Amino acid sequence: MSNKGTLDLATGLGGKIDKTDVLSAVDKYEKYHVSYGGKEEERKANYTDMVNKYYDLVTSFYEYGWGESFHVAPRWKGESLLESIKRHEHFLALQLGLKPGQKVLDVGCGIGGPLREIARFSSTSVTGLNNNEYQISRGEVLNRNAGLDKTCNFVKADFMKMPFPDNSFDAVYAIEATCHAPDAVGCYSEIYRVLKPGQCFAAYEWCMTDAYDPNNKEHQQIKAEIELGNGLPDIRLTSQCLEAVKQAGFEVVWEKDLAVDSPIPWYLPLDTSHFSLSSFRLTAIGRFITKNMVMALEKIGIAPKGSQRVQNFLEKAAEGLVAGGKKEIFTAMYFFVARKPVHGAQ
Ligand SMILES: C[S@@+](CC[C@H](N)C(=O)[O-])C[C@H]1O[C@@H](n2cnc3c(N)ncnc32)[C@H](O)[C@@H]1O
């Protein structure tokens, strides 16, 4: 659990958005989504505005509830949520075969929780790419606190147009981030371009599974809740992601939906019927307490106006994720390792 308090949550809420503009930003953000009449084409055309508004609004909630790593993980019996999150990061480093001294790119790095863990685990230099200025400012403080500011850095840019020369990195990974891309082939092609030939890209992707029926109203509603609650323009099928990796030029080393074999479901921490002391803030009682604190802080003007609305769409996100996970129509861990062929040098 994070060591950030409710006051940090309230004061960080809105990120780089002026506190007096938070309510109108919530309005604008919600209107991008199906439940508020929004269209997929608009979300895709305005993905930078939509995704940045989302992360400005929610980052302090994420940090308060999840800590420094903003992703879920498959989990073994007897393992805590935090242990499973770190193991998921170590697994990625092992699958990429990271070696000390290598230059690694983290695409869509959040506030850098995975970046710091992977850099320490593998003795590599990790660059975190992120288009959200507020998250980068948080990440820089946390890197300094961890003593990693000399070997790891952040770059503010869009992963659809990366400011790096061709063949720059020894490895690239993305954790639950490229799902925000308006076009998977475009995003993976940029990753392909900046990766050195013969080297690998690995990712945990958010996807709809083959069990998703686009004509089923309940499935549609779950998908829309996940999009609204998580700043997504659309959610691709696992098969579409795999096809996009190949179209970008990669050879797929292996791929699998890791949710399938997880002894404890990844969505359990978000399920209100589950109780855990170690992830108390994510439980029904923890969320109830946070809701009331945020309501009170908004009333007395410490949290900006619109704060409770942010919490409401995050509740929708949790409901959608749990329903999608239970019905097995959605996965937060479609995993693949893909290699840029040696003959792919540009
Ligand atoms: C769910 S968070 C995951 C963060 C991080 N990988 C982690 O696990 O802690 C998704 C991240 O992708 C970033 N992101 C979304 N769209 C992006 C874009 N077009 N370019 C760069 N970063 C982007 C967001 O700002 C956010 O940091």
Side-chain angles (χ1 to χ4, degrees), residues 2 15-17 29 32 43-73 81-82 84-93 104-119 126-140 142-143 146 152 154-164 172-184 186-191 194 201-207 226-227 229-235 266 270 314 317-318 321 332-333 335:
S2 161
K16 294 283 179 194
I17 299 172
Y29 172 74
Y32 278 123
R43 290 195 294 284
K44 285 188 172 167
N46 298 290
Y47 70 94
T48 302
D49 182 60
M50 194 261 296
V51 177
N52 265 334
K53 276 205 170 56
Y54 175 77
Y55 281 108
D56 274 327
L57 293 171
V58 305
T59 296
S60 72
F61 275 103
Y62 270 40
E63 224 183 310
Y64 178 81
W66 286 97
E68 295 180 23
S69 291
F70 297 167
H71 63 84
V72 291
L81 175 62
L82 189 62
S84 71
I85 284 175
K86 285 189 189 284
R87 184 181 41 71
H88 205 43
E89 293 164 0
H90 299 167
F91 179 79
L92 195 62
V104 180
L105 179 66
D106 179 330
V107 175
C109 64
I111 59 168
L115 172 159
R116 285 181 287 282
E117 188 60 33
I118 288 176
V126 188
T127 295
L129 180 78
N130 193 342
N131 215 12
N132 186 274
E133 206 181 317
Y134 176 68
Q135 290 197 334
I136 291 190
S137 65
R138 286 290 307 134
E140 282 171 342
L142 295 166
N143 270 16
C152 296
F154 293 94
V155 172
K156 188 194 172 299
D158 183 352
F159 54 42
M160 304 301 289
K161 312 174 226 96
M162 299 190 198
F164 306 117
V172 181
Y173 67 85
I175 304 179
E176 301 181 19
T178 42
C179 49
H180 292 288
D183 156 35
C187 178
Y188 295 159
S189 298
E190 267 300 85
I191 292 172
V194 302
F201 163 46
Y204 296 125
E205 277 292 0
W206 280 27
C207 291
I226 299 175
E227 287 166 356
N230 297 280
L232 302 175
D234 183 28
I235 311 175
W266 60 265
L270 294 169
L314 284 175
L321 290 169
M333 50 196 65
F335 177 70

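Position 1 is the first residue of the sequence; numbering continues from there. It should be emphasised that the depicted structure is a prediction, and the values quoted were computed from it without experimental measurement. As the structure lists them, so they are numbered: ligands from 1, and atoms in each ligand from 1.
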Practice task
Find out whether Ile235 and Asn230 are in side-chain contact, i.e. whether some heavy atom of one side chain is under 4.5 Å from a heavy atom of the other.
Solution key: no
Short N or O distance, [X] and ligand 1, threshold 3.5 Å exclusive:
X: Gly108; answer: yes
X: Gly110; answer: yes
X: Gln135; answer: yes
X: Asn130; answer: yes
X: Tyr55; answer: no
X: Phe70; answer: yes

Exercise for the section: Take Ile191 and Leu105, measure what side-chain contact (heavy atoms from CB on, under 4.5 Å) needs, and give me the verdict at the end. Expected result: CA-CA 9 Å; Ile191 292 172; Leu105 179 66; 5.8 Å; no
Exercise for the section: Determine whether more than 12 heavy atoms belonging to other residues, nucleotides or ligands lie under 6.0 Å from atom CD of Glu133. Expected result: no
Exercise for the section: Specify the protein heavy atom at minimum distance from atom 3 (C) of ligand 1: its residue, its atom name, and the distance to 0.1 Å. Expected result: Ile175 O, 3.6 Å
Completion exercise
of all protein heavy atoms, closest to atom 22 (N) of ligand 1 is Asn131 N, 3.3 Å
Under 3.5 Å, is there a donor-acceptor pair linking the side chains of [X] and [Y]?
X: Asp158; Y: Tyr47; value: yes
X: Lys156; Y: Asn130; value: no
X: Asn132; Y: Tyr54; value: no

Problem - Least distance between heavy atoms, Arg116 atom then Gly139 atom - result: NH1-O, 3.6 Å
Fill in the blank from the handout: Here the pair of heavy atoms bringing Glu89 nearest to Ser69 is OE2-OG, 2.7 Å
Practice task
Any chance you could lay out the side-chain contact (heavy atoms from CB on, under 4.5 Å) test for Val107 and Met162, step after step, and finish with the verdict?
Solution key: CA-CA 10 Å; Val107 175; Met162 299 190 198; 4.2 Å; yes
Proximal atoms of ligand 1 relative to [X] (non-hydrogen, under 4.0 Å):
X: Ser69; result: 9 (O)
X: Val51; result: 15 (C), 16 (N)
X: Ala157; result: 20 (N), 21 (C)
X: His71; result: 8 (O)
X: Asp158; result: 18 (C), 19 (N), 20 (N)
X: Pro114; result: 7 (C), 8 (O), 9 (O)
X: Asn132; result: 25 (O)

Handout entry: Test item, Cys109 contacting ligand 1 (heavy atom, 4.0 angstrom)
Key = yes
Practice task
Return yes when Met160 approaches ligand 1 closer than 4.0 angstrom through a heavy atom, no otherwise.
Solution key: no
Handout entry: Within reach of ligand 1, part of Glu176 (heavy-atom separation under 4.0 Å)
Key = backbone
Fill in the blank from the handout: Note: heavy atom closest to atom 23 (C) of ligand 1, options Phe159, Tyr173, Tyr134, belongs to Phe159
Completion exercise
Taken to the nearest 0.5 Å, the spacing of Gln135 CD from Asn52 CG works out to 8.5 Å
Practice task
To the nearest 0.5 Å, tell me how far Glu205 CD sits from Glu176 CD.
Solution key: 9.5 Å
Practice task
May I ask you to decide if the ring planes of Tyr62 and Phe70 are parallel, tilted or perpendicular, using 30° and 60° as cut-offs?
Solution key: perpendicular
